[in-house]
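Sequential numbering from 1 along the given sequence is applied to the chain's residues.
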Amino acid sequence: MNIAHPLVSVVDDDESVRESLPDLLKAFGFRVEAFASAEEFLASDIVDKTKCLILDVSMPGMSGPDLQRELQRRGLPIPIVFVTAHRDDTVRPRLLEQGAVECLFKPFSEAALQEALNSAFSEP
C-alpha cells in the first residue's frame, strides 16, 4: 500500500460531487474512490483501506450517520468528514458529538476541505 498517498473514499448520491471532488482530492495528493451510496461503499473491498471518508449526510437508503454507526459497530475507526446541502444548525454539532472530524455545508471551499482533511489525518 502506498502510505504517501492515503486513500480517501467519497460517498455521495450527488453525481456532480462524485465527479468533481475526486479531482480536487487527487490535487491534494490523495488516492480516491467514489461511491454513490453507503451500501455500495460497504460492499466494496476498500472499506478497510480507507483512511478518511467524505460522507454525505442525507442519501437514499442508508444515511451518512447510519454508515458512521455501522463502521463503529464493525470497529473501523475511519475519520469522517460529513458534507451536506441541508443547512440545519442542529446537524453539525450532533455529528461532531458522534465522532465526525468535521461537517461542511455545500458548497464548501477548497480551503475548508483541506483543513478538515488535515484534522482527519492529524487525529491519533
Side-chain angles (χ1 to χ4, degrees):
M1 186 170 117
N2 186 346
I3 301 298
H5 298 284
L7 178 62
V8 175
S9 292
V10 175
V11 181
D12 198 313
D13 61 317
D14 183 336
E15 187 176 351
S16 65
V17 171
R18 290 195 313 277
E19 289 178 355
S20 61
L21 203 48
D23 292 339
L24 178 59
L25 293 166
K26 287 174 185 168
F28 288 166
F30 297 106
R31 289 182 303 129
V32 185
E33 292 287 341
F35 300 91
S37 70
E39 293 87 349
E40 187 182 322
F41 173 70
L42 286 173
S44 76
D45 62 354
I46 64 148
V47 174
D48 58 347
K49 298 177 184 84
T50 297
K51 300 302 176 201
C52 182
L53 193 56
I54 297 178
L55 182 56
D56 191 10
V57 173
S58 300
M59 297 180 286
M62 182 182 266
S63 73
D66 289 341
L67 176 57
Q68 179 186 36
R69 283 188 290 277
E70 177 60 20
L71 293 171
Q72 289 168 341
R73 189 187 68 74
R74 294 183 184 194
L76 296 169
I78 301 170
I80 296 175
V81 175
F82 278 105
V83 294
T84 183
H86 304 285
R87 286 215 174 255
D88 177 341
D89 292 338
T90 66
V91 170
R92 186 174 182 274
R94 187 173 70 241
L95 292 171
L96 296 177
E97 187 177 295
Q98 293 168 354
V101 173
E102 184 55 275
C103 179
L104 302 174
F105 293 105
K106 298 175 186 177
F108 46 82
S109 68
E110 288 184 21
L113 179 61
Q114 190 147 36
E115 191 174 313
L117 289 165
N118 289 344
S119 295
F121 285 101
S122 67
E123 291 195 346

Cut-off 3.5 Å, no hydrogens considered: what does the side-chain donor-acceptor table look like for residues 105-114, sequence neighbours left out?
unit_1: K106; atom_1: NZ; unit_2: D12; atom_2: OD2; d: 2.8
unit_1: S109; atom_1: OG; unit_2: A112; atom_2: N; d: 2.9

**Item:** Electrostatic pair K26-D23, nearest N-O below 4.0 angstrom
**Value:** no

**Prompt:** Please walk me through it: do R69 and R73 pass side-chain contact (heavy atoms from CB on, under 4.5 Å)?
**Reply:** CA-CA 6 Å; R69 283 188 290 277; R73 189 187 68 74; over 6 Å; no

**Item:** Closest contact, heavy atoms only, A120 versus V101
**Value:** N-CG1, 3.6 Å

**Request:** Salt-bridge test for E97 and R94: reply yes if a basic N is under 4.0 Å from a carboxylate O, no otherwise.
**Result:** no

**Request:** Of all the heavy-atom pairs spanning T84 and D56, show the shortest one and how long it is.
**Result:** CA-OD1, 4.0 Å

**Heavy-atom pair of closest approach, residues V91 and C103** = CG1-SG, 4.4 Å

**Asked** R31 side chain to V8 main-chain N or O, any donor-acceptor pair under 3.5 Å?
**Response** no

**Request:** Report yes or no: does H5 contribute a side-chain atom to a donor-acceptor pair with the main-chain N or O of G29 at less than 3.5 Å?
**Result:** yes

**Asked** Is the CD atom of E115 crowded by more than 12 outside heavy atoms at less than 6.0 Å?
**Response** no

**Item:** Where A34 and E40 come nearest, the two heavy atoms and their spacing
**Value:** O-OE2, 4.3 Å

**Message:** Quick check: do L55 and V81 have side-chain heavy atoms less than 4.5 Å from each other?
**Reply:** no

**Message:** If I compare all heavy atoms of T50 with all of S9, which pair ends up nearest, and what's the gap?
**Reply:** OG1-OG, 2.8 Å

**Request:** Run the salt-bridge test on R92 and E102 with the 4.0 Å N-O cut-off and return the result as yes or no.
**Result:** yes

**Request:** Please answer whether the main-chain N or O of Q98 pairs with a side-chain N or O of Q72 as donor and acceptor at a distance below 3.5 Å.
**Result:** yes

**Asked** Should L96 and V57 be regarded as members of a common hydrophobic cluster, given that ILVMFWY residues are connected when their side-chain heavy atoms come within less than 4.5 Å of each other, either directly or indirectly?
**Response** no

**Prompt:** CD of E19 to CG of D14: how many Å apart, nearest 0.5 Å?
**Reply:** 9.0 Å

**Item:** Working for side-chain contact (heavy atoms from CB on, under 4.5 Å), residues V17 and I54
**Value:** CA-CA 11 Å; V17 171; I54 297 178; over 6 Å; no

**Fill in**
What one should report as the nearest heavy-atom pair of Q68 and L95 is NE2-O, 4.4 Å

**Request:** Specify whether F35 and F41 have parallel, tilted or perpendicular ring planes, treating 30° as the upper limit for parallel and 60° as the lower limit for perpendicular.
**Result:** perpendicular

